[in-house]
Amino acid sequence: MAKSPYLTAPWKTDKMPPGIPYIVGNEAAERFSYYGMNSILVIFMTKYLMDAQGRPDYMSEKDAEGWYHTFVSCAYFLPLFGALLSDAILGKYRTILILSIVYCFGHLALAIDHTRLGLALGLGLIALGAGGIKPCVSANVGDQFGVANQHLLPRVFSWFYFSINLGSAFSTILIPELLERYGPKIAFGTPGVFMFVATVVFWFGRRKFVHIPPAGARNYVKEIFQRENLKALGNLLILIPFAAMFWALWYQNFSSWVVQADKMDRYLFGREWLAAQIQTVNPVFVLAMLPLFSYVIYPAASKLFRVTPLRKFGAGLFMVIIAFLIVGWIQMRLDAGNRPNIIWQIFAFVALTAGEVMVSVTHLEFAYTQAPRKMKSLVMCTYLGSIALGNFFTARVNFLIEDGVLKLSGAGYFFFFVKVMLVTAVLFLFFARFYRGKTYIQDEAEEQPE
């Protein structure tokens, strides 16, 4: 296993770590597989699900939305398991490789069994595989850097996020088309092939990576309960409820927004688009906005005031409110019997994506740099756990609507989330004033092979 290439270069360098291309390539293929499968789940549950005898066994819209967000919540809760396995026992490389194989079997189950049992088995394995590797992959990016090139870290995290959205953009345009033309077998099988490719690409980079060895279970427990580490964890926990509410709204572009798009006029640019394809504009906008924010908007804003991670985060919370005001207005038109063009939902995606760039990229980098050295994967769970909590909240709202406990329908559903997000954003302005953190970068002297 490769030692750090920076042990002999303590001065500042612009040389990129040799393992980064393998990590970025792996992430692009893995995100293609995840978002491709993810993009058709609600449509599959409401239009393609079968019973054991091959008869239709469709879910209602709210039931499907509830189960979709439950799956996402599990996928983003299980990173806690992956982080403990990685940081304490196996190390990041072995954890990612083993759970990637589990991930592949999840896609296989979805491709061959289209009943509720196959759906549960497939999504369970994918939640374990995708969830388990999440904190390890992003932390593994940071592990490749030392003091000499840590100034490249924000740029690489932006490219890392770029690869996520590159894979997502291709899959969300292709996989819904495959579902429409060839059915769920091919539509779920294709992401499985890409996940296999992602696993192989990662394995090819095994001798290029900097490997931070696991601490060992006993040492890891001691590490967690050190006063400074507990303080760092406590500081990062402040962000979780605010990020959770952001993701409670954001992830609805795969559920309630798809259901809404299915009722809209989707004729645009000379063709009629499938409802599940509209979400493709999100990764496309991300690819455009990442360099725009990094090289234009943030530098311009910094001439007027100090641009900090927490200020970026707060601005992003308000942007998602604008997005939901737009989809709420669209739903009012639909409720009145009109059929607005899909361009209006695309305007909502502009605001949603701007919020994502400010919240998600910032939170991802922030969680890594604020994490104590031997707890990088575990602390990444504060970022991922916020996604789990947000989707759990949205799932509960949809199940309560399905059971008749909550009386939210039509535009009122979207405006409910606008109110929740507005309260969240205002509270964040208050709590952000009390954050006190410390930046941790890997100590090059302790980077060594496993």
Side-chain angles (χ1 to χ4, degrees), residues 35-36 38-43 46-47 61 65 68 162 164-181 246-293 296-297 315-360 394 409-418 421:
Y35 281 113
N38 188 74
S39 69
I40 60 174
L41 275 180
V42 171
I43 297 294
T46 56
K47 296 185 177 182
E61 289 177 356
E65 289 175 24
Y68 166 76
F162 187 95
I164 291 174
N165 287 278
L166 183 65
S168 174
F170 281 109
S171 65
T172 51
I173 200 72
L174 174 64
I175 302 304
E177 195 75 38
L178 293 179
L179 181 66
E180 180 79 7
R181 293 188 180 189
F246 171 84
W247 293 115
L249 276 68
W250 187 91
Y251 263 89
Q252 290 188 53
N253 80 85
F254 293 107
S255 58
S256 62
W257 288 32
V258 175
V259 172
Q260 183 185 79
D262 199 40
K263 299 177 175 67
M264 297 176 70
D265 172 13
R266 298 187 303 280
Y267 193 82
L268 189 66
F269 304 131
R271 63 165 289 181
E272 183 172 17
W273 300 87
L274 298 171
Q277 290 178 315
I278 306 304
Q279 59 199 272
T280 302
V281 300
N282 170 250
V284 171
F285 287 156
V286 168
L287 296 177
M289 288 185 185
L290 280 173
L292 178 65
F293 274 80
V296 179
I297 294 178
L317 299 182
F318 283 98
M319 288 304 299
V320 77
I321 294 174
I322 297 173
F324 265 69
L325 284 172
I326 296 172
V327 293
W329 175 82
I330 293 170
Q331 194 61 46
M332 288 175 63
R333 298 283 306 278
L334 290 170
D335 295 345
N338 298 314
R339 196 165 180 253
N341 189 268
I342 198 65
I343 190 68
W344 291 104
Q345 199 182 81
I346 291 176
F347 289 151
F349 269 107
V350 173
L352 188 77
T353 307
E356 178 186 357
V357 170
M358 287 186 276
V359 171
S360 186
T394 303
S409 61
Y413 174 85
F414 293 107
F415 290 131
F416 165 78
F417 282 98
V418 168
M421 195 68 238

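Because only heavy atoms are used, hydrogens play no part in the values below, and waters and symmetry mates are left out as well, while side chains stay in.
Across Ile330, Val327, Asp265, a single residue satisfies side-chain contact (heavy atoms from CB on, under 4.5 Å) together with Trp344, and that is Ile330.
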Candidate pair Glu356 and Phe246, rule side chain to side chain contact (heavy atoms under 4.5 Å, CB included), full reasoning | CA-CA 9 Å; Glu356 178 186 357; Phe246 171 84; 4.2 Å; yes

Could you walk me through whether Tyr68 and Asn38 pass the side chain to side chain contact (heavy atoms under 4.5 Å, CB included) check?
-> CA-CA 9 Å; Tyr68 166 76; Asn38 188 74; 2.9 Å; yes

Carefully, step by step, assess Gln252 and Tyr413 under the rule side chain to side chain donor-acceptor pair (under 3.5 Å).
-> CA-CA 12 Å; Gln252 290 188 53; Tyr413 174 85; 3.0 Å; yes

Could you go through the side chain to side chain contact (heavy atoms under 4.5 Å, CB included) check for Ile173 and Trp273 one step at a time?
-> CA-CA 9 Å; Ile173 200 72; Trp273 300 87; 3.4 Å; yes

Do Val259 and Thr46 pass the side chain to side chain contact (heavy atoms under 4.5 Å, CB included) test, and can you show the C-alpha distance, the side-chain angles, and the key distance before you say yes or no?
-> CA-CA 10 Å; Val259 172; Thr46 56; over 6 Å; no

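Counting heavy atoms from C-beta on, the side chains of Lys47 and Asp262 come closer than 4.5 Å. Residues Leu352 and Phe285 fail the side-chain proximity criterion, which asks for heavy atoms closer than 4.5 Å. Leu274 places none of its side-chain heavy atoms less than 4.5 Å from the side chain of Ile43. Residues Phe415 and Met332 form a side-chain contact, since some pair of their non-hydrogen atoms from C-beta on lies under 4.5 Å apart. Side-chain contact between Val350 and Met289 is present, with at least one heavy-atom pair separated by less than 4.5 Å. In this structure, the side chains of Ile175 and Leu179 stay at 4.5 Å or more apart for every pair of heavy atoms. Side-chain contact between Tyr35 and Phe170 is absent, with no heavy-atom pair separated by less than 4.5 Å. In this structure, Trp257 and Ile278 have side chains that are not in contact, with every pair of non-hydrogen atoms separated by 4.5 Å or more.
The shortest non-hydrogen separation linking Asp335 to Gly410 is OD2-CA, 3.4 Å. Of all heavy-atom pairs spanning Ala354 and Met319, the tightest one is CB-CE, 3.9 Å. Closest non-hydrogen pair, Gln277 versus Pro176, comes out as CG-CB, 3.7 Å. The two atoms that bring Thr280 and Ala169 nearest to each other are CG2-O, 3.4 Å, heavy atoms only.
Separating the CD atom in Gln260 from the CD1 atom in Ile342 is a distance of 7.5 Å, to the nearest 0.5 Å. For the atom pair CG (Leu317) and CE (Met421), the distance works out to 4.0 Å, reported to the nearest 0.5 Å. Atom-to-atom distance recorded for Thr353:OG1 and Met358:CE is 10.5 Å, nearest 0.5 angstrom. Taken to the nearest 0.5 Å, the CD atom of Gln279 stands 8.5 Å off from the CG atom of Asn282. Atom CG of Asn341 is separated from atom CZ of Phe347 by 9.0 Å, given to the nearest 0.5 angstrom. Put simply, CZ on Phe349 and CD1 on Ile343 are 12.0 Å apart, with the number rounded to the nearest 0.5 Å.
The neighbour count for Arg271 CZ, taken as heavy atoms of other residues, nucleotides or ligands under 6.0 Å away, is above 12.
Note: Trp250 and Phe254 have perpendicular aromatic rings, judged against thresholds of 30 and 60 degrees for the angle between ring planes.
A distance-only check finds a donor-acceptor pair linking the side chain of Ser171 to the backbone of Ser168 [under 3.5 Å]. Of the possible donor and acceptor atoms, one in the side chain of Thr394 sits under 3.5 Å from a partner among the backbone N and O of Ala248.
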